[in-house]
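These notes concern the structure reproduced below.
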Amino acid sequence: MSSDEKPAPAPRSLAEALRARDDASLAALLRSRPDLITPVPTDLTQLATRAGTRASVVRALERLDRFALQTAEALAVAGDPATYAELLGLMAGDAGDPAVAAALPRAVATLREQALVWGGDDRLRLVRTARELLAPSPQHPSPTGLGPTVQEATAGMSPGRIQEILTTAGLPSTHDSVSAVASLTALFTDRERMAALLAGVPADSLDVLERLVWGPPYGQVTADPAPRLRLLLDRGLLLPTAPGTVVLPREVALHLRAGLAHRTPEPLPPAVEAAATHRPQVVDATAAGQAYTALATVEELLKDWDEGGPTVLRAGGLSVRDLKRTAVALDVSEPVAAFWVELAYAAGLLASDGEVDERYAATPAYDEWLDRPPAERWARLAEAWLTGTRTPGLVGGRDAKDRTLSALGPGLDRSAAPEVRHRVLTLLAGLPEGAAPSAESVLARLRWERPLRGPQRDQEHDLRGRLARWTLSEAEQLGVTGRGALSAHGRALLGAPPAPASAHPVPAQPAAGRKAPAQEAAPVGPGGPGDKLPVHKHHPAAAVSDPLAAREPLSPAEQATAVAAAARLLAPLLPEPLDHVLLQADLTAVAPGPLQRPLAEMLGVLADVESKGGATVYRFTPASVRRALDAGRTAADLHAFLAEHSRTPVPQPLAYLIDDVARRHGHLRVGAASAYVRCDDDALLNEILADKRSAGLRLRRLAPTLLATQADPATLLEGLRAMGYAPAAESAEGDVLITRADSYRTPPRTAPEPVPEGPPTPDATLLSAAIRAIRAGDLASTAPRKPTADPVAGGELPRTGAAETLATVQAAVLTGEALWIGYVNAEGAASQRVIAPIRVEGGFVTAYDHTADEVRTYPLHRITGVAELEDEGS
């Protein structure tokens with residue numbers, strides 16, 4: 001700075017501090033606190049007001065990392081304003097912790113960037129709302145464990161009692177309570193004098209102070225305190241706050257703490273520790289196997305619901321009984337079944353049909369999904385899981401009204417879920433390839449990045465912790481991770497760069513097509529009010545040691561690119577579908593791997609699945625063969641199918657089984673009488689009538705080859721099949737009916753939209769437009785006006801007559817000067833603007849609007865008044 005330049009004046013308010021920022025700093029603020037531009041403020045004064053509202057401040061505090069929050073809590077118990085040296089003393093203590101001293105400038109810069117702190121380092125001010133939230137009070141104890149100051153604790157004390165404390169503490173009496181409190185405060189904040197005072201305090205009295213020093217600072221006393229307590233009360237080391245209650249003054253506690261506001265400052269995030277390390281090839285292969293199992297599970301689920309799934313509860317969702325049935329069908333636990341059901345729903349493959357008797361079924365999108373290659377199908381599931389807000393882990397829990405949360409039901413959306421999933425996977429991506437982290441180290445890191453505040457400090461309310469645990473489990477089930485380590489295709493899904501090769505994370509290179517975040521060095525010492533603030537594009541914890549966390553969220557186009565890249569990496573790892581099975585003599589077939597879809601579908605009709613795993617075992621039974629015959633296949637078709645797709649000869653028992661069932665299939669014919677049975681072999685009909693098991697069907701003979709019943713054809717078919725016969729249904733024309741399961745589909749449905757966590761993060765275009773509008777509005781509201789004799793014109797909006805307005809605007813066209821105008825739009829909303837008129841004609845003025853930063857045309861009759869602006873040199 002040259003000798004002629006004057007230092008920038010210290011800001012007197014948050015609005016002035018914001019006004020001194022450059023556009024990059026304002027953009028960082030609006031990006032980190034998007035609620036501030038919903039809607040866009042008219043000027044910087046309104047922006048500052050909005051930044052100080054309780055809801056916005058609470059949201060901003062909840063997004064601070066632990067050290068930045070500790071810094072804000074320390075400022076809340078410091079003086080107002082506080083100096084940087086005072087803050088450093090509270091954070092680093094008398095001993096001066098070097099790690100705290102090195103990290104504090106960045107924490108202060110973060111609080112400034114978030115507009116929670118303003119002013120230079122000689123006058124740091126915490127915004128008033130944040131101070132009210134974080135300062136100690138009997139109703140809301142401070143996380144620091146500190147109590148009120150001497151001045152606050154003695155506010156209701158009698159002047160005589162204060163003078164008695166001064167005398168007992170060895171201080172001269174004063175003429176008033178204000179100076180007495182100041183003298184006592186000076187004693188308690190003087191390290192040497194305070195040490196001398198405490199040197200004369202007995203050990204049992206010091207024990208009382210030690211129990212209160214780290215909080216809570218309040219204690220209970222009787223009406224006649226013990227001598228050790230009376231000594232502390234007489235010297236002001238404990239001060240009464242209410243009958244029977246005493247408090248340790250803040251200044252005394254800080255002396256006993258060696259100046260520390262927090263017992264354990266945490267300037268650095270805890271490292272994510274690797275619990276095990278595997279070869280990357282093993283991790284990728286394991287994850288690919290899980291990915292294939294995920295596809296098979298989702299297909300099995302929707303195939304089971306192909307003809308219409310369970311009904312929808314009146315309150316929405318699956319019943320507990322239907323979830324249990326689904327878990328049994330998938331051979332998994334109920335929480336895992338809830339995960340697969342919710343995943344299919346989030347991917348848009350499953351929905352309710354919307355009918356009167358509403359039930360769940362596959363959507364038309366499911367058929368399109370089935371036609372895609374396996375890797376693309378997995379990528380769609382993984383993307384739906386990563387970005388969705390549905391939280392299957394909550395199934396079975398209770399909502400705020402103590403109602404059970406059901407799968408596919410309402411109340412399962414948690415807006416924090418996508419951010420936590422992405423953050424957990426990003427932490428895994430920061431480890432070397434093949435490294436699987438310990439769950440506790442991941443949770444510890446997340447708690448440092450977003451510490452719990454207030455009543456949420458207990459683990460029961462630690463939603464982010466539970467989301468992180470569920471993320472680790474679900475990522476393994478889905479095949480994003482393998483053996484706990486992030487796979488190559490999982491890394492690609494994040495759009496993350498390749499993993500570091502060493503055990504120590506190194507700065508990551510940006511992905512193709514993305515800009516690398518600016519490298520910012522933390523200031524060595526405290527900066528002045530004119531210093532440039534570092535622009536952190538993401539969570540402040542990221543800037544400490546995690547370069548991956550500084551990456552901006554992926555745009556939709558980038559997310560699509562990342563999903564495609566993940567599918568390409570996964571594709572060669574998935575097993576190739578087989579076109580054959582191995583037939584065995586015990587009426588089973590073994591599929592040594594995944595089967596091609598036509599083969600799997602036909603085999604699913606002809607045989608029953610006996611066991612699943614790396615190899616699927618199918619068993620042929622009379623019922624399964626009859627099912628294939630009912631579907632229109634002949635015995636010759638079945639023999640040819642097995643001979644074509646078996647790598648082993650067709651066993652004789654299987655051939656006999658097919659021929660035997662086919663020989664008897666359709667020998668009996670069932671039609672509608674209500675129902676009838678006809679057969680050319682009257683002896684067989686006699687056998688049926690004589691069988692006691694047919695009594696429930698109430699059959700009677702109408703002719704030698706015909707039996708009739710009042711039961712419907714379906715009941716009659718089931719009854720005869722239960723007796724061991726193989727009847728075939730026939731139409732009214734006497735033709736055999738071919739029964740194929742019709743695939744039931746819902747009407748077209750879209751996947752559920754994620755529920756956002758507050759306003760979305762604004763993109764660069766919106767930020768640029770918002771900042772331009774705020775700057776222009778601020779110019780209009782702060783531009784100096786020429787003094788006027790009309791007191792009305794000196795108000796918030798100028799007021800002039802139509803003739804004066806026209807004359808002033810015409811004069812401004814000639815002189816090129818800017819004007820301040822009041823304007824009312826067609827909706828009746830009044831605003832103030834700064835314009836530079838270009839021309840006036842036909843009742844309209846065309847001008848460059850500094851507020852909107854563009855040329856606009858305004859009807860003269862909507863301009864309520866004009867005022868000239870002062871010259872810059874005046």
Side-chain angles (χ1 to χ4, degrees), residues 272-299 336 339-340 343 347 372-387 421-439 442 471-506 508-509 511-512 548 551 554 558-578 592-594 612-615:
V272 178
E273 301 172 354
T277 303
H278 311 281
R279 289 191 301 112
Q281 296 83 351
V282 173
V283 170
D284 292 345
T286 304
Q290 286 296 120
Y292 174 76
T293 301
L295 295 177
T297 304
V298 172
E299 288 183 40
V336 175
F339 167 69
W340 294 120
L343 181 63
R372 294 185 177 184
E376 293 184 15
R377 284 188 277 139
W378 175 86
R380 176 165 177 174
L381 295 179
E383 182 183 17
W385 169 75
L386 185 62
T387 60
R421 291 183 189 127
H422 195 279
R423 185 63 189 135
V424 168
L425 296 184
T426 301
L427 291 176
L428 269 62
L431 296 173
E433 282 187 290
S438 65
V442 172
T471 296
L472 292 172
S473 173
E474 293 167 359
E476 190 74 15
Q477 295 176 55
L478 189 54
V480 176
T481 60
R483 300 196 178 187
L486 189 65
S487 63
H489 51 272
R491 190 181 302 274
L493 187 68
L494 291 175
S502 66
H504 303 285
V506 296
Q509 297 298 322
L548 287 172
R551 298 170 56 81
L554 297 179
E558 291 171 330
Q559 184 66 57
T561 302
V563 169
R568 286 196 301 272
L569 288 175
L570 177 62
L573 300 176
L574 294 176
E576 287 291 334
L578 303 176
K612 295 177 291 185

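Quick caveat, the model's predicted, so the values are computed rather than measured. Heads up: numbering here begins at 1 and tracks the sequence.
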Applying side chain to side chain donor-acceptor pair (under 3.5 Å), can you list everything that pairs with [X], at least two apart in sequence or on another chain?
{"X": "Trp385", "value": "Glu474"}
{"X": "Glu476", "value": "Thr481"}
{"X": "Gln290", "value": "none"}
{"X": "Ser438", "value": "Ser441"}

Review point. Heavy atoms, side chains only, cut-off 4.5 Å: are Leu425 and Leu386 in contact?
Key: yes
List in chain and number order the residues that pass side chain to side chain contact (heavy atoms under 4.5 Å, CB included) with [X], two or more places apart in sequence or in another chain; answer none if no residue qualifies.
{"X": "Ala382", "result": "Trp378, Leu478, Leu493"}
{"X": "Thr561", "result": "none"}
{"X": "Ala436", "result": "Ala485"}
{"X": "Ala439", "result": "Arg469, Leu472"}

Practice item. Using distance alone, with no hydrogens and no angle criterion, decide if Ser473 and Gln477 have a side-chain donor and acceptor under 3.5 Å apart. Key: yes
Check your understanding: According to the side-chain hydrogen bond (donor to acceptor under 3.5 Å, both in side chains) rule, which pairs have a member within residues 275-289, sequence neighbours left out?
Key -> none
Considering all heavy atoms, the nearest [X]-[Y] contact:
{"X": "Leu381", "Y": "Ala347", "result": "CD2-CB, 3.9 Å"}
{"X": "Ala288", "Y": "His489", "result": "N-CE1, 4.2 Å"}
{"X": "Ala375", "Y": "Leu574", "result": "N-CD1, 3.7 Å"}
{"X": "Glu433", "Y": "Pro280", "result": "CB-CG, 3.8 Å"}
{"X": "Pro592", "Y": "Ala615", "result": "CA-CB, 4.1 Å"}
{"X": "Ala429", "Y": "Arg491", "result": "O-NH1, 2.7 Å"}

Revision key, fill the gap. Interatomic distance, OG@Ser487 vs CG@Leu569, rounded to 0.5 Å, equals 8.5 Å
**Study point:** Distance (rounded to the nearest 0.5 Å) between His422 NE2 and Leu427 CG
**Key:** 11.0 Å
Practice item. Decide side chain to side chain contact (heavy atoms under 4.5 Å, CB included) for Leu486 and Leu431; before the verdict, give the C-alpha distance in whole Å, the side-chain angles of both, and the deciding distance to 0.1 Å. Key: CA-CA 9 Å; Leu486 189 65; Leu431 296 173; over 6 Å; no
Check your understanding: With sequence neighbours left out, what residues match Glu299 under salt bridge (Lys or Arg N to Asp or Glu O under 4.0 Å)?
Key -> Arg377, Arg597
Check your understanding: Hey, does the side chain of Arg483 reach the backbone of Val283 with a donor-acceptor pair shorter than 3.5 angstrom?
Key -> no
